[in-house]
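Whatever order the structure lists ligands and atoms in, that order sets their numbers, starting from 1. What's counted below: heavy atoms across the whole structure, side chains too, no hydrogens, waters or symmetry copies. It should be emphasised that the depicted structure is a prediction, and the values quoted were computed from it without experimental measurement.
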Amino acid sequence: MARLGTETAFEVLVRARALEAKGRNVIHLEIGEPDFDTPAHISDAAVEALHAGATHYGPAAGLPELREAVAEDSARRRGVKATPEMVVVTPGAKPIMFFVILALVDEGDEVLYPNPGFPIYESMIRYIGGNPVPVRLLEEKNFTLDVDQLVDRVGPRTRLIILNYPHNPTGGIIPESGLRAIADAASQWGVPVLSDEIYGRILYEGEHVSIARMPGMEPLAIVLDGFSKTYAMTGWRLGYGIMAAPMAQVVAKLQTNATSCTATFSQLAAVTALRGDQSSVDAMVAEFRRRRDFIVDGLRAISGFSCARPKGAFYVFPNITRTGYSSKALADRLLDEGGVACLSGTAFGEFGEGHLRFSYANSMENIKEALERIRGVLER
Ligand SMILES: Cc1ncc(COP(=O)(O)O)c(C=O)c1O
């Protein structure tokens, strides 16, 4: 158990809530969830499903109608042909990470993963006794994954490659040429690729391209996606993976052992989310873009900060080295003295030092106030 890591965002949230309980005002820029409500037509579909009796166990891999809708959506949006047999629906997308790493990685196996990156990848690799091999994301390359570095590290001991784009915490993406080079290396060595595309629709320029579309990836690609971010449904716990059918059977079996299945009425609402009106997604992304530009410009104006303009997701990852603080020390000061909750870059791995992560899934007024408070703490 000592090898198991955690997600600091939840810990900071607890600390922030404790301050609030003492009467302090805290602006929450730590947790990664849209501040919007789930679109009403999706909630209505869940209520209808409940009243219609969708309150029983369902199949471990997910309801056939949702697996079908996910496969259809994948063909339409990713240009990746998928059949319902290739889809596994899980309570949140996180179990896909957990189950896939559990299924594939044995003691001593190497797993390539982005660092800084979502902390659960490294946590799970270590927990299972695998050997985490970080691929460093470089600020000078606009946090685009360094594909040459990754390809150089693929070898006979590599059991899994984990990608995440648009990337948490930097908002970086991987261009199509990079995906092609990774796909070539993966097929050359027969290594599966877990492609975390949970922010695939929260993109501010260009089209999201999935590695699953690259030649040779059919048996190797495992796409992770879900409803949490795209449809503001974090609390519903609803995600899925798309992978070769034999792998899907393995993941479904793990699900039988762990949770039995995902809540049935929420799966029916998810069908409505995928097939229904998408205008709320477009409106949310447009609003996130406005906030991104505002927070990037605001952080750049603070002495000691520099900040890249992210291409996707809803996080900024400013460089704070010129303030003279370590990431953790500054994050703590901003919370304790400024009432601004954010995350230290080191919450995303060792290569996050020198950075903070702010989520801009919060109102413009709060972001504006947070920027003033940050400036106030640093000028003190
Ligand atoms: C990169 C990344 N992958 C996966 C997830 C998990 O999503 P879910 O809430 O659907 O489990 C998150 C959530 O923060 C994330 O940032």
Side-chain angles (χ1 to χ4, degrees), residues 5-13 28-36 38 42 62 66 70 87-101 113-125 135 137 143 145 160-174 193-203 208 210-211 222-242 251 255 258-259 262-263 266-267 269-270 273-274 281 288 310-317 342-343 345 347-349 352 357-362:
T6 188
E7 208 184 327
T8 313
F10 290 103
E11 289 176 6
V12 174
L13 182 63
H28 291 272
L29 303 185
E30 77 282 41
I31 199 89
E33 66 172 343
D35 55 319
F36 301 99
T38 302
I42 303 175
L66 179 54
V70 168
V87 177
V88 184
V89 180
T90 44
K94 236 178 186 175
I96 293 294
M97 241 173 251
F98 191 93
F99 294 154
V100 166
I101 296 173
Y113 72 103
N115 188 325
F118 192 58
I120 300 306
Y121 310 137
E122 187 178 334
S123 165
M124 281 304 302
I125 301 163
V135 180
L137 266 80
F143 295 118
L145 188 96
L160 179 67
I161 297 169
I162 301 178
L163 304 177
N164 171 218
Y165 56 99
H167 180 248
N168 174 9
T170 68
I173 54 148
I174 308 176
V193 177
L194 172 60
S195 184
D196 183 340
E197 302 180 16
I198 195 114
Y199 298 103
R201 289 184 68 181
I202 305 177
L203 189 65
H208 176 72
S210 174
I211 193 159
I222 301 163
V223 174
L224 174 156
D225 203 343
F227 299 84
S228 295
K229 320 284 174 175
T230 310
Y231 298 102
M233 291 170 72
T234 47
W236 291 62
R237 310 314 298 132
L238 208 47
Y240 57 85
I242 308 172
V251 171
Q255 169 120 298
T259 69
T262 306
S266 54
Q267 288 190 64
L274 290 176
V281 183
F288 282 152
K311 293 197 162 64
F314 39 68
Y315 310 108
V316 274
F317 201 59
C342 67
L343 298 185
F348 301 91
R357 190 197 79 170
F358 296 97
S359 160
Y360 50 87
N362 206 322

Where is the nearest protein heavy atom to atom 5 (C) of ligand 1: which residue, which atom, and how far? F118 CZ, 3.9 Å

Name the closest protein heavy atom to atom 7 (O) of ligand 1, giving the residue it belongs to and the distance to 0.1 Å. I198 CD1, 3.7 Å

Would the distance check show the side chain of [X] and the main-chain N or O of [Y] forming a donor-acceptor pair, the cut-off being under 3.5 Å?
| X | Y | answer |
| --- | --- | --- |
| R357 | E30 | yes |
| Y231 | A273 | yes |
| Q267 | T262 | yes |
| H28 | N362 | no |
| K229 | G32 | yes |

Yes or no on side chain to side chain contact (heavy atoms under 4.5 Å, CB included) for F118 and Y113, after CA distance, side-chain angles and deciding distance? CA-CA 9 Å; F118 192 58; Y113 72 103; over 6 Å; no

Give the atom numbers and elements of ligand 1 that come within less than 4.0 Å of a heavy atom of [X].
| X | result |
| --- | --- |
| S228 | 8 (P), 9 (O), 10 (O) |
| G92 | 10 (O), 11 (O) |
| N164 | 1 (C) |
| M97 | 3 (N), 4 (C) |
| A93 | 8 (P), 10 (O), 11 (O) |
| D196 | 1 (C), 2 (C), 3 (N), 4 (C) |
| K229 | 12 (C), 13 (C), 14 (O) |
| K94 | 11 (O) |

Is T234 near ligand 1, meaning one of its heavy atoms is under 4.0 Å from it? no

Counting C-beta onward and ignoring hydrogens, is there a side-chain heavy-atom pair between I162 and M97 closer than 4.5 Å? no

Would you check the N or O atoms of Y315, main chain and side chain alike, for any that come under 3.5 Å of an N or O of ligand 1? no

Considering distance alone, does some N or O of E7 sit under 3.5 Å from an N or O of ligand 1? no

Indicate the atoms forming the closest heavy-atom contact of F314 with E33, along with that distance. CE1-N, 3.9 Å

Ligand 1 versus [X], non-hydrogen atoms closer than 4.0 Å: side chain, backbone, both, neither?
| X | value |
| --- | --- |
| F227 | neither |
| H167 | neither |
| R237 | side chain |

Angle between ring planes, F143 versus F317, binned at 30° and 60°: parallel, tilted or perpendicular? perpendicular

Nearest 0.5 Å please: distance from the NZ atom of K311 over to the OG1 atom of T170. 10.0 Å

